[in-house]
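Take a look at the structure set out below.
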Amino acid sequence: MSDTTTARPLLTPERVEKLRDYVPFIAIALVILMFWAISGDRFMSVRNWTFIAQQTPVLLLLAFAQLMIVTTGSIDISIGSSLAFSAFLGALGMLWFGDVGLILGVLAGGFVGMVNGCIISLLKIPSFVTTLAMLIIVRALVIIMSDGTSIYITSDSGASGGNISSVAAPWLLSMGKFPAIFILAAIVALLMWAFYEKTVFGQQLRAVGGNEKVLRLVGINVTTFKIKVFAAAGLMVGLAACVNLARAGAATPQAGMMMELDAIAAVALGGTPLTGGYGSVVKTIIGALTLTIVRNGLTIAGVPPSWSQVALGLLLIAAIAISLNRSKIDVVK
Amino acid sequence: MDGLDTAPLLTVEHVTKSFGGVQAMRDGSFDLNRGEVVAIVGGNGAGKSTLAKIVSGAHVPDSGRICIKGVEIPRADHSVSHMQACGIEVVYQDLALVPNMTAPYNLFLGRIPRKWGLFVDEKKMRKKTREVLKQLNVTTVQDLSQPISSMSGGQQQSIAIGRAIAWGSDIVILDEPTAALGPNETGEVERLVEDVRDQHGTSFILISHNLDQVRRLADRIIVTHHGVTSREFKRDEITSDRLVKAITLGE
Ligand SMILES: Nc1ncnc2c1ncn2[C@@H]1O[C@H](COP(=O)(O)OP(=O)(O)O)[C@@H](O)[C@H]1O
Ligand SMILES: [Mg+2]
């Protein structure tokens with residue numbers, strides 16, 4: 001018995017390689033067990049998990065948007081600003097056209113994405129720089145448009161009569177609560193999985209991330225493809241903005257600030273290399289959940305918010321250090 | 001009519017191509033008949049790969065013309081997809097594979113079959129890939145779900161060549177197909193060229209540095225020198241001496 005165990009080490013290189021694939025799953029399990037051990041029933045309660053299920057969807061949809069873009073080897077740091085812009089236009093749309101006007105929010109996200117894609121593809125400006133500029137510009141536009149005030153979603157139709165900056169939409173507010181928000185997120189996740197894993201478009205995301213030059217050589221129009229990718233991701237941001245509007249009950253000029261970083265972190269926690277070419281919807285879901293759970297668990301454990309941020313940063317570095325096979329990477333930029 | 005029937009399968013006339021200040025191709029002219037293997041030889045930087053990319057549609061020539069069966073291809077149609085539709089396929093010098101994608105995906109690159117207009121028809125891709133690998137006599141590729149970067153150089157080469165011959169094209173361009181291969185794999189590639197030509201009447205443009213290989217396979221040899229297709233030899237009039245002289249001095 002003992003002979004065989006000493007002869008064959010437990011962690012052979014192949015097993016380590018296999019294990020890397022499961023890092024996001026192991027991480028989330030450890031995180032849950034840890035907070036359960038620390039906070040007991042205050043963490044492991046139906047009430048708290050309902051809260052987590054309500055809290056994750058916005059981040060999840062933003063992470064999906066980021067996943068599409070990161071898979072092609074680009075990045076989008078404007079999605080937080082785009083979320084505020086889209087939520088604002090969604091709320092305005094409802095003021096102008098009634099409930100269907102919310103669609104304007106989704107389209108606004110798609111529009112910002114398309115502008116990003118056009119600048120990156122046609123003017124050949126790196127995505128980081130382009131979306132950094134858009135992060136600033138779009139946020140400023142929101143502040144100019146809103147004049148610093150918010151549009152509120154209210155549940156009773158009577159009070160909103162003369163008030164221009166509130167819309168009565170009880171249905172939207174209930175969409176922002178469990179179980180509706182959870183069901184919506186599950187449906188989007190399912191569609192995203194089919195889209196990303198099974199369609200020609202989804203495979204082409206990976207191929208562009210792998211070797212864009214080759215695709216051009218075989219006659220694929222990568223320029224228009226990238227514009228489509230940013231527009232598709234933008235529509236997802238627009239949808240996230242509508243969900244956020246439902247959840248927060250208001251379109252505020254500050255909405256979505258720093259959310260771009262959360263989305264990137266969720267993608268990275270899902271084991272997706274930011275260099276492009278690979279990715280997984282299931283693991284991105286796990287990444288977004290992990291991020292939400294850690295933030296929630298730390299709050300329950302009484303850790304001050306600033307220290308929570310430090311812990312999240314450390315977790316991010318640890319997760320990437322373990323899940324990336326760095327021996328296969330020649331250059332780290 | 002008579003003129004068209006006897007016209008060569010492919011005619012390249014006085015094509016030129018510059019990149020900024022570099023005149024990569026100054027005067028490229030040659031023709032290719034059905035079932036023929038024409039070799040293009042020349043020193044490094046002589047413009048061989050540029051000529052291959054002009055014929056494949058990857059580069060639009062600055063001037064000159066290309067005719068298929070005597071019919072000129074309009075300037076607007078100098079694209080990879082149009083050349084593919086004309087039956088021209090190419091194996092690029094650096095193979096032009098997408099390293100993180102599977103062998104079937106690379107084989108079908110640019111022509112991925114769809115289900116319901118949207119989804120990848122993976123079953124069809126796998127089936128075809130197995131057929132092509134069998135035709136290439138490659139038995140070492142088992143797992144078709146692995147990224148191609150995990151395969152050996154020879155296996156990757158097979159996929160790249162498979163991509164060019166899998167679609168029953170009339171003309172296959174091979175840009176230094178054996179430069180990175182060992183003697184056994186080189187022999188396999190040479191056997192394949194002869195097989196495909198004999199069975200399907202496919203014509204080949206073979207770019208190679210290996211003069212022995214060129215003399216074994218080619219019916220005619222075109223020498224490029226400083227961007228000019230300067231000389232042409234028939235198979236029986238070549239000696240290594242004359243070839244080396246033509247390559248180095250252009251005479
Ligand atoms: N895309 C390009 N951009 C700039 N210069 C190029 C490009 N492709 C080829 N060249 C230049 O054109 C010349 C011919 O190159 P190439 O056709 O690759 O030669 P060969 O295949 O015979 O070695 C070289 O000087 C090369 O540097
Ligand atoms: Mg070359």
Side-chain angles (χ1 to χ4, degrees), chain A residues 13-14 17-18 20-21 67-68 70-74 190-225 228-229 232 271-281 324-325 327-331, chain B residues 49 52-54 56-60 77-86 88-102 104-125 145-150 156 159-160 163-164 167 173 175:
Chain A
E14 303 88 68
E17 200 52 44
K18 278 246 164 67
R20 279 186 211 284
D21 275 348
L67 176 65
M68 293 184 218
V70 163
T71 307
T72 66
S74 297
L190 205 67
L191 292 176
M192 177 71 189
W193 178 84
F195 170 76
Y196 186 84
E197 308 285 349
K198 298 291 169 193
T199 65
V200 175
F201 195 94
Q203 291 299 310
Q204 195 153 313
L205 292 172
R206 295 175 175 77
V208 167
N211 194 340
E212 186 179 326
K213 262 167 84 182
V214 169
L215 296 205
R216 291 185 194 275
L217 209 52
V218 300
I220 293 171
N221 191 335
V222 180
T223 308
T224 54
F225 179 74
K228 284 184 203 162
V229 173
T272 299
L274 297 182
T275 43
Y278 301 91
S280 146
V281 168
L324 275 189
N325 185 354
S327 65
K328 279 194 188 158
I329 300 173
D330 314 323
V331 189
Chain B
S49 294
K53 284 178 181 169
I54 290 173
S56 78
H59 287 330
V60 180
D77 283 344
H78 278 274
S79 67
V80 173
S81 48
H82 185 80
M83 293 303 193
Q84 280 181 346
C86 289
I88 301 177
E89 289 288 337
V90 56
V91 180
Y92 292 104
Q93 188 166 3
D94 56 8
L95 302 186
L97 297 170
V98 187
N100 58 323
M101 304 305 280
T102 62
Y105 190 91
N106 274 286
L107 197 78
F108 278 86
L109 203 62
R111 38 163 71 95
I112 305 288
R114 289 164 189 260
K115 264 189 309 196
W116 306 317
L118 210 61
F119 295 95
V120 180
D121 191 344
E122 282 177 32
K123 229 180 180 171
K124 186 172 176 182
M125 284 167 66
S145 62
Q146 287 298 310
I148 206 159
S149 58
S150 67
Q156 294 188 18
I159 300 296
R163 186 164 80 198
W167 319 105
I173 305 169
D175 194 351

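In what follows, chains are A, B, ... by sequence order, proteins preceding strands, each numbered from 1.
Looking only at side-chain heavy atoms (C-beta outward), B/Ile112 and A/Gln204 stay at 4.5 Å or farther from each other.
Remark: the backbone N or O of B/Pro99 is not paired with any side-chain donor or acceptor of A/Asn211 at under 3.5 angstrom.
The distance from atom OG of B/Ser79 to atom CG of A/Asn221, rounded to the nearest 0.5 Å, is 11.0 Å. To the nearest 0.5 angstrom, B/Phe119 atom CZ is 13.5 Å from A/Phe201 atom CZ.
Contacts between B/Leu97 and chain A at a heavy-atom distance below 4.5 Å involve the backbone alone (N, CA, C, O). Looking at B/Arg163, only its side chain comes within 4.5 Å of chain A, counting heavy atoms on both sides. Both the backbone and the side chain of A/Leu217 have a heavy atom closer than 4.5 Å to some heavy atom of chain B. Proximity to chain A (any heavy atom under 4.5 Å) is restricted, for B/Val80, to the side chain, taken from C-beta onward.
Of the listed residues (A/Gln203, A/Arg206, A/Arg216), the greatest number of heavy-atom pairs within a distance under 4.5 Å of chain B belongs to A/Gln203. The choice from A/Ile220, A/Thr199, A/Val200 that makes the most heavy-atom pairs within less than 4.5 Å of chain B is A/Val200. For the options A/Gly277, A/Gly219, A/Ala194, A/Ala207, heavy-atom pairs under 4.5 Å to chain B are most numerous at A/Ala207.
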